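Here the structure comes first, spelled out in structure tokens, and everything after it is commentary.
Everything quoted here is computed from the prediction, not taken from an experiment.
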Amino acid sequence: MSTTPRLPFLKGHGTENDFVIVPDLDGHLDVSPAAVARICDRRAGVGADGLIRVVRSSAHPEAREMADRAEWFMDYRNSDGSIAEMCGNGVRVFARYLQRAGLAEEGDLTIATRAGLRHVHIAKAPDSTDGAAGDGEGAVTVVMGKALLPEPGPEGAITVTVGERSWPARHVNMGNPHAVAFVEDLGHAGNLFTAPAVSPAAAYPHGTNVEFVVDRGPRHVALRVHERGSGETRSCGTGACAVMVAAARRDGVDPAVTGHPVTYTVDVPGGRLVISERPDGTVEMTGPAVIVAEGEFDAAWLDTALG
């Protein structure tokens, strides 16, 4: 007989970057990397790009120092069980869960993450469903912080390689690392089942997300992404922000230089995001966040997964 209490979960996505959401408000649950991987398995588990554990900041050792500014901490894990600093689409879905659970309302709130505080705005639901925000719910805007653009180290410029093709890449850090490569055709990224080769390795000692980008029009780009620890995903919020910043620098519209904010439309395989950068360097991301299901893990299965 199972000794594990019934554990609720929800399934949600932001531009089809999907997550299993596990409410653990008081921080009692110990979810091992192996358990996360089993839960996120698309054939033997619920299936997701990652797992979001919802915890009070005061109940989590990595977030207690932020508890006076953010009640809730997003404990995010990649689908292989590895810990990630941040997930932009995940923050939007996290905010939508809080709203659905009655723990937050439309308007502004602050969420703690391993990459620091993220300020979020949940828009009022539109009068009619136009599909932009997902099922008639208001879009969610996340203040993603400022991008860091490390200069190449002594080992040289960054290069991304797939098969026999190689491209120069821009190193952009959005709280987690990205290598952004502009290509002629998104098909050149290959199947993205395995991580593209990135050199020099010393630039990314803990691995990196890799974005392949094409132009769609003025201030309009599209991407495919290999997320560190997850493989190719339908969307990556921090990746879309990194791409927008890299594109703006390439296009000579750095807001810190022009004094004017700049906005790009970023198409991902799972939908569309709108990314803006202010003159002070702050990046904002707006997009949908949808809860699609909720239920409970089978107790016997969960016993095995957590064991």
Checklist entry - Are the side chains of His220 and Asp267 in touch, meaning some heavy atoms are under 4.5 Å apart? => result yes
Checklist entry - Cluster question for you: counting only ILVMFWY and a side-chain heavy-atom cut-off of under 4.5 Å, with indirect links fine, are Tyr264 and Phe182 together? => result yes
Item to check | Side-chain touch Arg100/Leu10, heavy atoms, less than 4.5 angstrom | outcome: yes
Checklist entry - Are Val210 and Leu186 joined in one hydrophobic group, where the rule is that I, L, V, M, F, W and Y side chains link up if heavy atoms are under 4.5 Å apart? => result yes
Item to check | Cys87 side chain reached by Phe94 side chain, heavy atoms, under 4.5 Å | outcome: no
Checklist entry - Is a side-chain N or O of Asp26 found less than 3.5 angstrom from the main chain of His28, in a donor-acceptor match? => result no
Checklist entry - At their closest point, which heavy atom of Met174 faces which heavy atom of Arg118, and how far apart are they? => result O-NH2, 3.9 Å
Item to check | For the student: nearest non-hydrogen atoms of Ala70 and Ser57, plus distance | outcome: O-OG, 2.8 Å
Checklist entry - Going through the checks in order, is the side-chain contact (heavy atoms from CB on, under 4.5 Å) test met by Glu71 and Arg56? => result CA-CA 6 Å; Glu71 182 177 2; Arg56 284 191 173 85; 3.9 Å; yes
Checklist entry - For Gly217, does its backbone N or O pair with a side-chain atom of Asp215 as donor and acceptor, under 3.5 Å? => result no
Checklist entry - Going only through I, L, V, M, F, W and Y residues with side-chain contacts under 4.5 Å, is there a path from Trp167 to Val221? => result no
Checklist entry - So do Tyr97 and Ile52 actually touch side chain to side chain, heavy atoms under 4.5 Å? => result no
Item to check | Stepwise side-chain contact (heavy atoms from CB on, under 4.5 Å) test for Thr263 and Arg219 | outcome: CA-CA 7 Å; Thr263 297; Arg219 300 188 185 181; over 6 Å; no
Next on the checklist: Treating His178 as the side-chain partner and Val180 as the backbone partner, does any N or O pair qualify as donor plus acceptor under 3.5 Å?
Outcome noted: no
Item to check | Side chain to side chain, Leu51 and Phe9, heavy atoms closer than 4.5 Å | outcome: no
Checklist entry - Taking it one step at a time, do Tyr204 and Asn173 satisfy side-chain contact (heavy atoms from CB on, under 4.5 Å)? => result CA-CA 10 Å; Tyr204 298 102; Asn173 192 295; over 6 Å; no
Checklist entry - Say you draw a straight line from NE2 of His171 to CG of Leu148; how long is it, rounded to the nearest 0.5 Å? => result 8.5 Å
Next on the checklist: Given 3.5 Å as the limit, does a donor-acceptor pair link the side chain of Asp254 with the main chain of Arg249, or not?
Outcome noted: no
Item to check | For Arg96 against Ile122, the heavy-atom pair lying closest together | outcome: NH1-CG2, 3.7 Å
Item to check | Flag side-chain contact, heavy atom, 4.5 Å: Thr282 against Lys146 | outcome: yes
Checklist entry - Under 3.5 Å, is there a donor-acceptor pair between the Asn176 and Tyr76 side chains? => result no
Next on the checklist: Would the distance check show the side chain of Arg224 and the main-chain N or O of Gly190 forming a donor-acceptor pair, the cut-off being under 3.5 Å?
Outcome noted: yes
Item to check | Straight-line distance of Thr113 OG1 to Glu62 CD, nearest 0.5 Å | outcome: 10.5 Å
Next on the checklist: Checking Arg165 against Asp185 for the salt bridge (charged side-chain N to carboxylate O under 4.0 Å, His left out) test, could you report, in this order, the C-alpha distance in whole Å, the side-chain angles of both residues, the deciding distance, and whether it holds?
Outcome noted: CA-CA 12 Å; Arg165 291 189 176 94; Asp185 188 323; over 6 Å; no
Next on the checklist: So which atom in Glu227 and which in Asn209 form the shortest heavy-atom distance, rounded to 0.1 Å?
Outcome noted: CA-OD1, 3.3 Å
Checklist entry - What about Val225 and Val91, same hydrophobic cluster or not, with Ile/Leu/Val/Met/Phe/Trp/Tyr joined at side-chain heavy-atom distances under 4.5 Å? => result yes
Item to check | Rounded distance (nearest 0.5 Å) linking atom CG of Leu29 with atom CZ of Arg53 | outcome: 6.0 Å
Checklist entry - Can any side-chain N or O of Thr208 pair as donor or acceptor with the backbone N or O of Pro177 at less than 3.5 Å? => result yes
Item to check | Shortest non-hydrogen separation from Ala289 to Arg92 and the atoms involved | outcome: CB-O, 3.5 Å
Next on the checklist: Using side-chain heavy atoms (C-beta onward) and a distance below 4.5 Å, is Pro261 in contact with Glu284?
Outcome noted: no
Checklist entry - Do the side chain of Asn78 and the main chain of Asp80 share a donor and acceptor less than 3.5 angstrom apart? => result no
Item to check | From Leu109 atom CG to Glu106 atom CD, the distance as rounded to the nearest 0.5 Å | outcome: 12.0 Å
Item to check | Heavy-atom check, side chain of Glu16 versus side chain of Thr233, under 4.5 Å | outcome: no
Next on the checklist: Is it the case that the side chain of Asp18 and the backbone of Asp49 share a donor-acceptor pair, with hydrogens and angles ignored and the cut-off at 3.5 Å?
Outcome noted: yes
Item to check | Same apolar cluster: Val55 and Leu306, side chain cutoff 4.5 Å | outcome: no
Next on the checklist: So, taking the atom named NE2 in His226 and the one named OG1 in Thr194, what distance separates them when rounded to the nearest 0.5 Å?
Outcome noted: 6.5 Å
Checklist entry - Roughly how far apart are Ile39 CD1 and Trp301 CH2, rounded to 0.5 Å? => result 5.0 Å
Next on the checklist: Is it the case that the side chains of Asn89 and His13 hold a donor-acceptor pair, with the cut-off being a distance below 3.5 Å and no angle test?
Outcome noted: no
Checklist entry - Under the side-chain contact (heavy atoms from CB on, under 4.5 Å) criterion, do Val54 and Trp72 qualify, and how do the steps go? => result CA-CA 7 Å; Val54 183; Trp72 301 105; 4.2 Å; yes
Checklist entry - Of all heavy-atom pairs between His188 and Val162, which one has the smallest distance, and what is that distance? => result O-CG1, 3.7 Å
Next on the checklist: Between Lys11 (side chain only) and Gly47 (backbone N and O only), is there a donor and an acceptor less than 3.5 Å apart?
Outcome noted: yes
